[in-house]
**Student:** 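After the C-alpha cells below, expect a handful of questions from me.
For this chain, numbers begin at 1 and follow the sequence in order.
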Amino acid sequence: MSATTDRPARAQVIELWTGGDADQLRQSLRMTNESFAEYLGVAVRTVACWRKQPEIIPRPAIQETLDAALERAPDRARSQFALLAERGGRADRADCPGVPDPHASVPAAPSAAQAIPGQRLPADDIDDLLAHLTVTSIGEDAIQQIGQAAICLAESHTQAPARRLLSQVMPLHQRVRSLLEGRLRLSQQRELYRIESLLLSHACLLLGDLNENDLAERYGMAGLAFAREAKSDEAVAMTVLAKTFRWQKRLTESMDMARRGFACSPDAPIRVQLASQEANAAALLGDAARAREALARAERAAESVTPDSGLSAWSFPVTRRAVFAQSVATQLGDADAMLEAASVADAAWSAGAPKVSANWAQIRVGAGIAHLLNGSLDGAVAEVEPVLALPSSMRVATVTAYTERLRRRLEHPRYNGAAGIRELGVRLAQFNADALSDLESQED
C-alpha cells in the first residue's frame, strides 16, 4: 500500500505582518485565541487585539515569531493561509480585554505616500473627506466630559477610600475603551489615549494602595504606553511606576524610573514628586549622596511650580515633600532632620494646608521613630497615640508600612521591660491587622 503525499505548499514570505495577517495564520492553523497565544508565546489579549484591530503592526520581535510560525506550519495550513490572503479575508472581531499589553502592537501610521492622493479628487469626494472631520460617532462634548470626570476622580484621591474610587475609575476606563472602538478623528483618538493614560495611572496608584502591586504594575505600564501613543505627558505614569517598583523592592528600577520621569516632566508638581521619589529610593539603597542631591533638586523644582489644590492624586504640596524628606532622613539615621520635616508639615497644616490623613499619619509615626532614636520613649508614644485611632478605611499600605517599621523597632532588646512599650507594640500589630481586613486608600 502506497502513501499519498500532499504537494508542498509554495513558500510564502510576509514582508510586514499586520494583526489581520496574524489572525489569518491562527485561522489557518485551526487554533483558538488561547492555543495560538501559547503557540507563539504571547499574551492572549495580544491575539484578541489582532482580531479586533487587523491594521495594527506587531513589534519586530513578534514579527520574527510570526515568520517562524508560518515557516513551521503544516502544508495544509500554509495553503489555507495563502487562500485567505488571496481572498483578502479578515478575522472576526472580538473584544479586547480592558488592559492593553504595552509590549504588544500599536496602531500603524500611514506612510507619506499613502497620505498623499495619487491623483486629483473630484469635488464630491473632497466634500466627503471634509465631512469626515466634523461628523463622527462621538461628540467633542462627550470626550470633554470624560476628561473632566477623570480630573474629578483624581481630585478625590486623598479624600475617599481606594476601593470606592477604583469602582468609579474602572467603569470610566471601560467607557473610554468602548469609544476607541468607534469612528474617531485622529485628534479624538489621541485625546482619548491621553485620558486613558491618566485613568490607567490612577488605577495603578489605587491598586498599589490596596497591596495589589503586581496588577498595579500592569496598569502603570499600560498607562505609560498610552501616554506615548498620545504623545502626551509621560510623567504621571512614570511616578506611579516608580512607586510600584519601590513597593516591590525593585529600588534601582524605582530610582531610575523617577529620574527618567523628572527629565521629561513639565514644570508641575509631579516633577517635584519624581525627584523626591528618586531620593527615597536612593536612600533605601544606601546612596546618601544621590538621595541628598535629588532632594535638593526637588526643592529647587518646587520653587517654580504653581501650587494646586493639594488634594489631587497628582498633587505634591509641601506636606508631601516633608513626608519624603522625613523618609530619606530615616534611612540616613538623622533624627534631627526627621523632626525638622515633621515641623515643616505641622507648620503648613497650621497655616491652612489641606490635611491628608495618610500623610499626617506618616509624619506622626516618623516623628515617633525619631524620638526613639533620641531615646525618648514618652515622645514616641505621644506622637503615635493619635494615629492608632485612624479609621481602618484610611489605613493605606504606606501608613501600615510605617507602623510596622515602628513595631519592629520596639522589639529591640534595649526596650525590654520599658513601661508601655509592650502594650504599644500590641496595639500597632492590631492596627495593621485591622487595616488588612478592610484595606482602603488615601495617599502615598
**Student:** Could you give the distance from OG1 (Thr403) to CD (Gln430), rounded to the nearest 0.5 Å?
**Tutor:** 12.0 Å
**Student:** State which residues pass salt bridge (Lys or Arg N to Asp or Glu O under 4.0 Å) with Glu278; sequence neighbours excluded, sorted by chain then number.
**Tutor:**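 Counting only residues at least two positions away or on another chain, Glu278 forms a salt bridge (Lys or Arg N to Asp or Glu O under 4.0 Å) with Arg259, Arg290, Arg297.
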**Student:** For residues Leu274 and Ala258, report the shortest heavy-atom separation together with the two atoms involved.
**Tutor:** O-CB, 3.3 Å
**Student:** For a 4.5 angstrom cut-off between non-hydrogen side-chain atoms, does Phe36 reach Thr46?
**Tutor:**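 Contact flag for Phe36/Thr46 side chains = no.
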**Student:** Test salt bridge (Lys or Arg N to Asp or Glu O under 4.0 Å) on Glu411 and Arg422; report intermediate values, then the result.
**Tutor:** CA-CA 8 Å; Glu411 293 178 343; Arg422 184 178 182 281; over 6 Å; no
**Student:** With side chains defined as the heavy atoms from C-beta onward, is the minimum distance between Phe226 and Ile195 less than 4.5 Å?
**Tutor:** no
**Student:** Using 4.0 Å as the upper bound for N to carboxylate O, is an ion pair formed by Arg260 and Glu253?
**Tutor:**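 Salt bridge absent between Glu253 and Arg260.
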**Student:** Could you tell me which non-hydrogen atom of Asp434 sits nearest to which non-hydrogen atom of Ser392, and how far apart they are?
**Tutor:** O-CB, 4.0 Å
**Student:** Would you tell me whether Gln145 and Asp141 have side-chain atoms, one donor and one acceptor, within less than 3.5 Å of each other?
**Tutor:**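 Result is no, nothing qualifies.
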**Student:** For Ala235, is there any backbone N or O sitting under 3.5 Å from a side-chain donor or acceptor partner on Thr239?
**Tutor:**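 Checked: no pair found.
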**Student:** Can you name the nearest heavy-atom pair linking Ala150 to Leu199, along with the distance?
**Tutor:**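 Looks like CB-CD2, 3.8 Å.
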**Student:** Would you please classify the geometry between the His412 ring and the Tyr415 ring as parallel, tilted or perpendicular, with 30° and 60° separating the classes?
**Tutor:**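 If you compare the ring of Tyr415 with that of His412, the planes turn out perpendicular.
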**Student:** Does the Ser35 side chain pair with the main chain of Met31, one donor and one acceptor, at a distance under 3.5 Å?
**Tutor:** no
**Student:** Give the intermediate values and the outcome of salt bridge (Lys or Arg N to Asp or Glu O under 4.0 Å) for residues Glu196 and Arg175.
**Tutor:** CA-CA 10 Å; Glu196 177 74 330; Arg175 172 63 175 153; over 6 Å; no
**Student:** Could you check whether any side-chain N or O of Ser197 sits under 3.5 Å from a backbone N or O of Tyr193, counting only pairs where one atom can act as donor and the other as acceptor?
**Tutor:**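 No; zero donor-acceptor contacts below 3.5 Å.
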**Student:** Provide the closest heavy-atom pair for Leu390 versus Ala361 in the form atom of the first, atom of the second, distance.
**Tutor:**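 Heavy atoms only, the tightest pair is CD2-CB, 4.3 Å.
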**Student:** Does Gln188 reach the main-chain N or O of Arg185 with its side chain, forming a donor-acceptor pair under 3.5 Å?
**Tutor:** yes
**Student:** Could you check whether any side-chain heavy atom of Val305 comes within less than 4.5 Å of a side-chain heavy atom of Arg271, counting everything from C-beta outward?
**Tutor:**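 Counting from C-beta outward, Val305 and Arg271 never come under 4.5 Å.
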**Student:** Report the distance from atom CG of Leu332 to atom CE of Met338, rounding to the nearest 0.5 Å.
**Tutor:** 10.5 Å
**Student:** Taking the side chain as everything from C-beta on, heavy atoms only, tell me whether Arg26 gets closer than 4.5 Å to Arg51.
**Tutor:**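 Yes. Closest side-chain heavy atoms under 4.5 Å.
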**Student:** Ignoring hydrogens and angles, tell me if any N or O in the side chain of Ser312 forms a donor-acceptor pair with the backbone of Trp314 under 3.5 Å.
**Tutor:** yes
**Student:** Determine whether Arg321 and Glu299 satisfy the following criterion, side chain to side chain contact (heavy atoms under 4.5 Å, CB included), listing intermediate values before the conclusion.
**Tutor:** CA-CA 9 Å; Arg321 299 206 304 272; Glu299 290 301 320; 3.6 Å; yes
**Student:** Between Ala281 and Ser254, which heavy-atom pair has the shortest distance, and what is it?
**Tutor:** CB-OG, 4.0 Å
**Student:** Which word best sums up how the rings of Phe81 and Trp17 line up, parallel for under 30°, tilted for 30 to 60°, or perpendicular for over 60°?
**Tutor:**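 Phe81 and Trp17: tilted rings.
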**Student:** So, using side-chain contact (heavy atoms from CB on, under 4.5 Å) as the criterion, who are the partners of Glu404 when residues are at least two apart?
**Tutor:** Arg407, Arg408, Asn432
**Student:** Roughly how far apart are Leu339 CG and Leu373 CG, rounded to 0.5 Å?
**Tutor:** 9.0 Å
**Student:** State, yes or no, whether a side-chain contact exists between Leu25 and Asp21 at a heavy-atom distance under 4.5 Å.
**Tutor:** no
**Student:** Quick one: does any side-chain atom of Thr330 pair with a main-chain N or O of Gln326 as donor and acceptor, under 3.5 Å?
**Tutor:**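 Judged by distance alone, yes, a pair lies under 3.5 Å.
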**Student:** Does any N or O in the side chain of Gln362 come within less than 3.5 Å of the main-chain N or O of Val399, such that one atom is a donor and the other an acceptor?
**Tutor:**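 Not at all, since once roles are kept as given, no pair shorter than 3.5 Å links the two residues.
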**Student:** Would you confirm whether Ser327, through its side chain, and Val323, through its main-chain N or O, come within 3.5 Å as a donor-acceptor pair?
**Tutor:** no
**Student:** Passes side chain to side chain contact (heavy atoms under 4.5 Å, CB included), Val328 versus Asp334? Steps please.
**Tutor:** CA-CA 9 Å; Val328 170; Asp334 190 340; over 6 Å; no
**Student:** Report, as yes or no, whether the 6.0 Å neighbourhood of atom CD on Glu38 holds more than 12 heavy atoms from other residues, nucleotides or ligands.
**Tutor:** no
**Student:** Can you name the one residue among Lys243, Arg163, Arg395, Arg164 that meets salt bridge (Lys or Arg N to Asp or Glu O under 4.0 Å) with Asp209?
**Tutor:** Lys243
**Student:** Side chains of Gln331 and Asn280: do they bring a donor and an acceptor to under 3.5 Å?
**Tutor:**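 Their side chains do not contain a donor-acceptor pair, so the 3.5 Å distance test is not met.
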**Student:** Within the 4.5 Å heavy-atom criterion, are Val387 and Phe431 side-chain neighbours or not?
**Tutor:**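 Side-chain contact under 4.5 Å: yes.
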**Student:** Tell me, do Cys204 and Thr244 make a side-chain contact under 4.5 Å, heavy atoms counted?
**Tutor:**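 When only atoms from C-beta onward are counted, Thr244 and Cys204 do touch, with a gap below 4.5 Å.
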**Student:** Just do the side chain to side chain contact (heavy atoms under 4.5 Å, CB included) check on Leu428 and Leu388 with the steps written out, would you?
**Tutor:** CA-CA 7 Å; Leu428 287 168; Leu388 298 177; 3.8 Å; yes
**Student:** Go through Ile363 and Trp360 one step at a time and tell me if the side chain to side chain contact (heavy atoms under 4.5 Å, CB included) criterion holds.
**Tutor:** CA-CA 5 Å; Ile363 287 291; Trp360 166 81; 5.9 Å; no
**Student:** Can you give me the closest heavy-atom contact between Ala216 and Leu207, atom names plus distance?
**Tutor:**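 For Ala216 versus Leu207, the nearest heavy atoms are CB-CB, 3.8 Å.
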**Student:** Determine, step by step, whether Asp23 and Gln27 satisfy the side-chain hydrogen bond (donor to acceptor under 3.5 Å, both in side chains) criterion, reporting the C-alpha distance in whole Å, the side-chain angles of both residues, the deciding distance to 0.1 Å, and the verdict.
**Tutor:** CA-CA 6 Å; Asp23 194 62; Gln27 294 179 66; 3.2 Å; yes
**Student:** Give, for atom CZ of Arg427 and atom CG of Leu424, the distance between the pair rounded to the nearest 0.5 Å.
**Tutor:** 7.0 Å
**Student:** Spell out, as yes or no, whether a donor-acceptor pair under 3.5 Å connects the side chain of Ser232 to the backbone of Arg228.
**Tutor:**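 A pair under 3.5 Å: no.
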**Student:** Do Val356 and Thr319 come within less than 4.5 Å of each other through their side chains, counting heavy atoms only?
**Tutor:** no
**Student:** Measuring from atom CG of Leu224 to atom CE of Met238, what distance do you get when rounded to the nearest 0.5 angstrom?
**Tutor:**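 Output value for this atom pair is 5.0 Å.
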**Student:** To the nearest 0.5 Å, how far apart are CG in Leu285 and OG1 in Thr252?
**Tutor:** 4.5 Å
**Student:** Is Arg320 close enough and on-axis enough to Phe316, meaning under 6.0 Å and within 45°, for cation-pi?
**Tutor:**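 Relative to the ring axis of Phe316, which defines the angle, Arg320 lies outside at least one limit.
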